[in-house]
Amino acid sequence: MSTKEKRSKKIGFVESEDGTKEDTRKSNDKTYRKSTYPRESMAAIARKSSVLILSRLMGPPMTSSRGNRSLYDRTSMYVAPRFQNSYRLDSKRPFHREAMHTMMGHFLKSYLDDYKYVGKRAKRLAENLSEELKNQFKLCQFDRYRFVALVTVGDKLAQDFRCVSRSLWDPEKDNSLSVTYEAPTFFVVASVWAIYFE
């Protein structure tokens, strides 16, 4: 083959009308498909990816966009904490046991004095009372406390009943309350645990 027959293929990037670059390979005036090869150097790509990861780390903890979701799907190590550390060891508004004990007694009395007990609706009564008690404790806005409420409702049929609970906690900051309400036909035992949450 002569040197005239050998023609080198020319590769170039041409800007289209919409502003995107197109890869055209000209050989005998033929146009080929777009190139998928990256046009930037590998160092520039690595720099961009490190900047993108840093911006994700310094940004909000979770985003809903599909592009940012892949980083958080793999690991939660880079997710910013939800609560920043304030370096406080105590609550600004600590839990007051005596005040909440009297509030619980008044609440049960006002809620159950006019209540007509039906055995089939005891489960619903216990659910409503526990939810209402928890809401009353939340309204007091004790700082850094979470509440668990448990209400037991039963018939008075001359039986023995013993309600016992055990828990593992910090005796200085955590607390619990238990109040009993008795009516001629039924009884209610309400227990609330106030757990300190840093």
Side-chain angles (χ1 to χ4, degrees), residues 56-57 59-65 68-198:
R56 286 181 185 168
L57 293 179
M62 292 300 282
T63 56
S64 59
S65 65
N68 295 338
R69 211 177 291 166
S70 61
L71 179 68
Y72 302 111
D73 288 345
R74 287 195 296 269
T75 179
S76 62
M77 185 174 80
Y78 300 112
V79 179
R82 191 172 159 206
F83 300 108
Q84 294 296 330
N85 197 347
S86 64
Y87 302 102
R88 277 193 299 116
L89 298 177
D90 292 329
S91 172
K92 286 182 181 176
R93 294 195 65 206
F95 186 74
H96 298 292
R97 189 177 195 284
E98 292 79 15
M100 298 316 291
H101 193 273
T102 56
M103 186 277 295
M104 272 181 75
H106 290 311
F107 173 76
L108 286 178
K109 192 166 186 204
S110 65
Y111 200 95
L112 297 170
D113 271 348
D114 298 330
Y115 183 77
K116 293 184 180 178
Y117 178 74
V118 178
K120 291 181 180 178
R121 288 187 290 182
K123 179 184 174 186
R124 179 68 58 149
L125 173 66
E127 288 173 357
N128 292 342
L129 275 174
S130 62
E131 200 64 35
E132 288 293 327
L133 266 175
K134 198 163 59 171
N135 290 338
Q136 290 294 322
F137 275 75
K138 285 180 182 178
L139 285 174
C140 295
Q141 295 181 350
F142 294 114
D143 188 34
R144 296 184 177 189
Y145 277 92
R146 299 293 181 265
F147 301 102
V148 178
L150 176 69
V151 176
T152 306
V153 180
D155 291 333
K156 272 194 174 178
L157 299 173
Q159 79 274 25
D160 284 341
F161 178 78
R162 191 171 289 177
C163 186
V164 179
S165 64
R166 290 183 180 178
S167 51
L168 181 65
W169 63 14
D170 182 4
E172 294 177 3
K173 296 178 181 175
D174 299 336
N175 220 320
S176 71
L177 302 169
S178 185
V179 176
T180 305
Y181 176 86
E182 289 191 37
T185 56
F186 70 100
F187 66 91
V188 174
V189 179
S191 302
V192 176
W193 289 268
I195 313 296
Y196 185 72
F197 178 77
E198 286 186 347

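Being a predicted model, the structure only gives us computed values, none of them experimental. Counting begins at 1 with the first residue of the sequence.
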Shortest non-hydrogen contact between [X] and [Y], atoms and distance:
X: Asp90; Y: Lys173; value: OD1-CE, 3.9 Å
X: Ser176; Y: Trp169; value: CB-CH2, 3.4 Å
X: Ser178; Y: His101; value: O-NE2, 3.6 Å
X: Lys116; Y: Arg121; value: O-NH2, 4.2 Å
X: Lys156; Y: Ala183; value: NZ-O, 3.1 Å
X: Lys109; Y: Tyr181; value: CA-CE1, 4.0 Å

Taking only distance into account, with no hydrogens and no angle test, what donor-acceptor pairs under 3.5 Å do side-chain atoms of residues 124-133 form with protein atoms, sequence neighbours excluded?
| residue | atom | partner | partner atom | Å |
| --- | --- | --- | --- | --- |
| Asn128 | ND2 | Arg124 | O | 3.4 |
| Ser130 | OG | Ala126 | O | 3.2 |
| Ser130 | OG | Glu127 | O | 2.9 |

To the nearest 0.5 Å, tell me how far [X] [atom1] sits from [Y] [atom2].
X: Phe187; Y: Glu182; atom1: CZ; atom2: CD; answer: 8.5 Å
X: His96; Y: Cys140; atom1: NE2; atom2: SG; answer: 9.5 Å
X: Lys134; Y: Leu150; atom1: NZ; atom2: CG; answer: 11.5 Å
X: Gln141; Y: Lys92; atom1: CD; atom2: NZ; answer: 13.0 Å
X: Gln136; Y: Phe147; atom1: CD; atom2: CZ; answer: 11.5 Å
X: Trp193; Y: Asp174; atom1: CH2; atom2: CG; answer: 12.5 Å

*asked:* Could you check whether atom CD of Glu172 has more than 12 heavy atoms from other residues, nucleotides or ligands sitting under 6.0 Å from it?
replied: no
*Can you say whether the rings of Phe137 and Phe95 are parallel (under 30°), tilted (30 to 60°) or perpendicular (over 60°)?*
parallel
*Does the gap between the ring centers of Tyr111 and Phe107 come in under 6.0 Å?*
yes
_Tyr196-Tyr145 aromatic ring centre distance below 6.0 Å_ =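 Yes; Tyr145 has its ring centre under 6.0 Å from that of Tyr196.
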_Verdict with supporting geometry, Leu112 and Tyr117, side chain to side chain contact (heavy atoms under 4.5 Å, CB included)_ = CA-CA 9 Å; Leu112 297 170; Tyr117 178 74; over 6 Å; no
